[in-house]
Amino acid sequence: MISWFRNSFGEEETRKFAEAVRNEHISLGPVTAEFEQQLAKALNAKHAVAAPSGSIALLMAMMAADIKPADEIIMPNRSWIASANAPMIMGAKAVLADVKKDLPLIDPEKIEEKITEKTKAIMPVHLNGRSSDMEAINATAKKHGLLVVEDACQAIFSRNSAGYLGTQSDMGCVSLGVTKLISTGQGGAILTNNRELYDKLKLIRNNGTPDHFIPEYQRVGLNFKFTDMLASIGLVHLSQVKQRIEHVRKIYMKYEAALKEIRHLKIIPVNLEAGEIPIYVEILCRQREALIKFLAEKGIETRPFLPSLETAPYIESGDFPNSRIFHEQGIFLPSGPSQPLENIDKVLEALKEFKAQ
């Protein structure tokens with residue numbers, strides 16, 4: 001079976017992990033600090049705070065932003081549910097805006113109409129390495145005195161003309177999950193250039209106290225610690241990031257060239273020239289279920305797109321015609337930083353055999 005996503009954890013990761021264990025670097029400690037420093041440096045951010053997952057990174061960012069009940073956070077309808085859950089756990093309201101017609105990114109023109117006196121922040125989501133229009137979003141936020149928290153969980157090391165995604169706002173959250181460009185299995189981080197927010201995030205991660213051994217309770221927090229064992233794997237993947245980026249670019253370009261000849265399938269574009277990194281290859285197909293079944297019978301695993309946020313029964317809904325296209329037709333094709341290129345060739349052969357009705 002060709003899996004829909006491939007990532008690798010080999011001998012070097014095993015060696016670094018064992019080294020951390022031998023040195024009794026188990027929980028949050030010096031290896032995590034080194035990983036945070038290297039990650040921040042690599043992304044040209046002043047600070048990085050490692051977290052147990054990208055979802056927890058979003059929650060910590062909401063806590064650092066002092067999100068309160070009745071606050072409203074504007075975000076795109078197309079995202080993973082963690083984007084909405086993070087503010088809603090704080091008692092706030094997730095306010096959904098539709099995406100662009102051709103890209104699953106928040107339409108800046110839809111943001112203004114969603115702003116009320118209760119709006120506290122805007123959360124653009126950079127799906128699959130694609131850059132939201134940060135210039136327009138930041139201008140809107142400045143006009144209304146709002147915070148901006150980037151959900152860059154699918155966009156670590158992606159860039160636009162202003163720099164790395166996740167570093168162009170008050171805070172940006174990245175994921176280190178197993179289906180990401182670099183991975184620690186589970187994990188995430190919050191990026192910020194604001195020292196005050198950085199200090200808040202460190203307190204929040206440690207039950208609201210700066211010192212676990214001599215506690216001084218300063219604010220609400222929880223045990224959101226990262227571990228040195230996972231950080232050791234992260235350091236290895238950081239050292240491989242150039243090769244990983246190059247490989248997913250090759251996969252995307254291979255698909256892109258071949259899919260031009262298959263009219264009933266449409267690749268959702270990623271702007272490689274601008275510095276966007278496609279960790280996934282995504283297509284639209286009107287006969288999605290038939291295609292998924294056809295490929296499965298040939299030993300090829302795919303994934304339908306995640307449902308739009310409006311489908312969650314606890315989120316206020318609306319009319320999102322552009323989102324509906326991605327919700328109903330989107331498919332993830334086999335990809336990932338460790339996906340063999342010969343697997344892509346097999347997938348493309350199968351895609352050419354599929355006959356649209």
Side-chain angles (χ1 to χ4, degrees), residues 1-14 80 104 127-130 153-158 175-187 233-234 236-273 275-306 326 329-356:
M1 192 73 169
I2 296 175
S3 61
W4 81 277
F5 194 89
R6 294 276 306 171
N7 217 330
S8 60
F9 301 86
E11 290 299 320
E12 191 174 358
E13 289 88 342
T14 301
W80 170 233
L127 281 185
N128 193 22
R130 302 181 187 92
C153 287
Q154 293 185 4
I156 192 169
F157 284 99
S158 274
S175 173
L176 303 169
V178 72
T179 57
K180 301 299 187 295
L181 180 70
I182 63 172
S183 175
T184 57
Q186 289 289 341
I233 297 173
V236 175
H237 278 204
L238 266 181
S239 72
Q240 301 169 348
V241 71
K242 288 184 179 180
Q243 302 97 294
R244 287 170 167 267
I245 290 171
E246 184 59 30
H247 190 72
V248 296
R249 284 171 55 91
K250 285 180 180 178
I251 287 174
Y252 176 85
M253 289 188 289
K254 189 178 265 289
Y255 275 118
E256 182 184 39
L259 288 171
K260 288 178 181 177
E261 308 300 322
I262 308 176
R263 293 187 177 182
H264 53 274
L265 303 178
K266 180 183 178 182
I267 195 166
I268 305 175
V270 174
N271 192 340
L272 300 184
E273 291 184 4
E276 296 177 356
I277 300 170
I279 55 174
Y280 315 118
V281 172
E282 304 161 321
I283 62 169
L284 296 175
C285 177
R286 293 181 182 273
Q287 296 177 294
R288 179 172 67 181
E289 285 67 31
L291 177 57
I292 289 173
K293 181 181 179 182
F294 176 82
L295 293 175
E297 289 171 350
K298 292 185 171 294
I300 298 168
E301 182 183 48
T302 58
R303 286 284 188 272
F305 270 17
L306 298 165
F326 299 103
Q329 300 181 28
I331 303 176
F332 295 102
L333 294 178
S335 49
S338 302
Q339 187 77 250
L341 291 178
E342 54 265 33
N343 283 357
I344 308 305
D345 292 331
K346 293 176 183 177
V347 175
L348 288 170
E349 288 176 13
L351 290 173
K352 291 173 183 176
E353 292 177 21
F354 178 72
K355 303 298 181 183

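Index from 1, following the sequence.
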| message | Does any part of the side chain of I233, heavy atoms only, come nearer than 4.5 Å to the side chain of S183, both counted from C-beta? | response | no
| Minimum heavy-atom distance P334-S3, with the two atoms named | CB-O, 3.6 Å
| note | Heavy atoms of I279 and T179 approach each other most closely as CD1-O, 4.0 Å
| Where the side chain of R130 meets the backbone of P269, is there a donor-acceptor pair that is under 3.5 Å apart? | yes
| said: Strictly distance-based, threshold 3.5 Å: is any side-chain N or O of R288 a donor or acceptor partner for the main-chain N or O of G330? | reply: yes
| said: Do I300 and N343 have side chains that approach each other closer than 4.5 Å (heavy atoms only, starting at C-beta)? | reply: no
| task | Check the surroundings of atom CD in E11: do more than 12 heavy atoms from other residues, nucleotides or ligands lie under 6.0 Å from it? | result | no
| Distance, nearest 0.5 Å, that separates CD of Q339 from NZ of K250 | 14.5 Å
| Do other residues, nucleotides or ligands put more than 12 heavy atoms under 6.0 Å from Q186 CD? | no
| Minimum side-chain heavy-atom gap K254-D345 below 4.5 Å | yes
| request: Measure the CD1-CG distance between I156 and L176 for me, rounded to the nearest 0.5 Å. | output: 5.5 Å
| query | Where is the tightest heavy-atom contact between L127 and P104, given as atom of each residue plus distance? | reply | CD1-O, 3.6 Å
| field | F326 side chain reached by E282 side chain, heavy atoms, under 4.5 Å | value | no
| Chi angles and distances behind the side chain to side chain contact (heavy atoms under 4.5 Å, CB included) call for F305, I268 | CA-CA 12 Å; F305 270 17; I268 305 175; 3.6 Å; yes
| request: Kindly determine whether E276 and N128 satisfy side chain to side chain contact (heavy atoms under 4.5 Å, CB included), including the steps that lead there. | output: CA-CA 8 Å; E276 296 177 356; N128 193 22; over 6 Å; no
| Donor-acceptor pair, R244 side chain versus L181 backbone, under 3.5 Å? | yes
| query | Would a distance-only check, ignoring hydrogens and angles, find a side-chain to backbone donor-acceptor pair under 3.5 Å from E261 to A258? | reply | no
| Working for side chain to side chain contact (heavy atoms under 4.5 Å, CB included), residues I2 and I344 | CA-CA 9 Å; I2 296 175; I344 308 305; over 6 Å; no
| said: Less than 4.5 Å apart, side chain to side chain, heavy atoms only: is that true for I182 and Q240? | reply: no
| Under 3.5 Å, side chain of E301 to main-chain N/O of W4, donor-acceptor pair present? | yes
| task | Can you see which heavy atom on S8 is nearest to which on E13, and at what distance? | result | O-OE2, 3.6 Å
| From K293 atom NZ to Q287 atom CD, the distance as rounded to the nearest 0.5 Å | 13.0 Å
| request: Would you give the length of the straight line joining atom NZ of K266 to atom CG of L259, rounded to the nearest 0.5 angstrom? | output: 12.5 Å
| message | Walk me through whether F9 and H237 qualify under side chain to side chain contact (heavy atoms under 4.5 Å, CB included). | response | CA-CA 9 Å; F9 301 86; H237 278 204; 3.7 Å; yes
| Ignoring hydrogens and geometry, is there a side-chain-to-backbone donor-acceptor pair from Y280 to Q154 under 3.5 Å? | no
| query | When rounded to the nearest 0.5 angstrom, what distance separates OG in S335 from CG in N7? | reply | 10.5 Å
| said: Working to the nearest 0.5 angstrom, can you tell me the gap between L333 CG and T302 OG1? | reply: 7.0 Å
| query | Among pairs that include at least one residue of residues 242-264, which meet ring-ring contact (aromatic ring centres under 6.0 Å, His included), considering only residues two or more places apart or in two chains? | reply | H264-F354
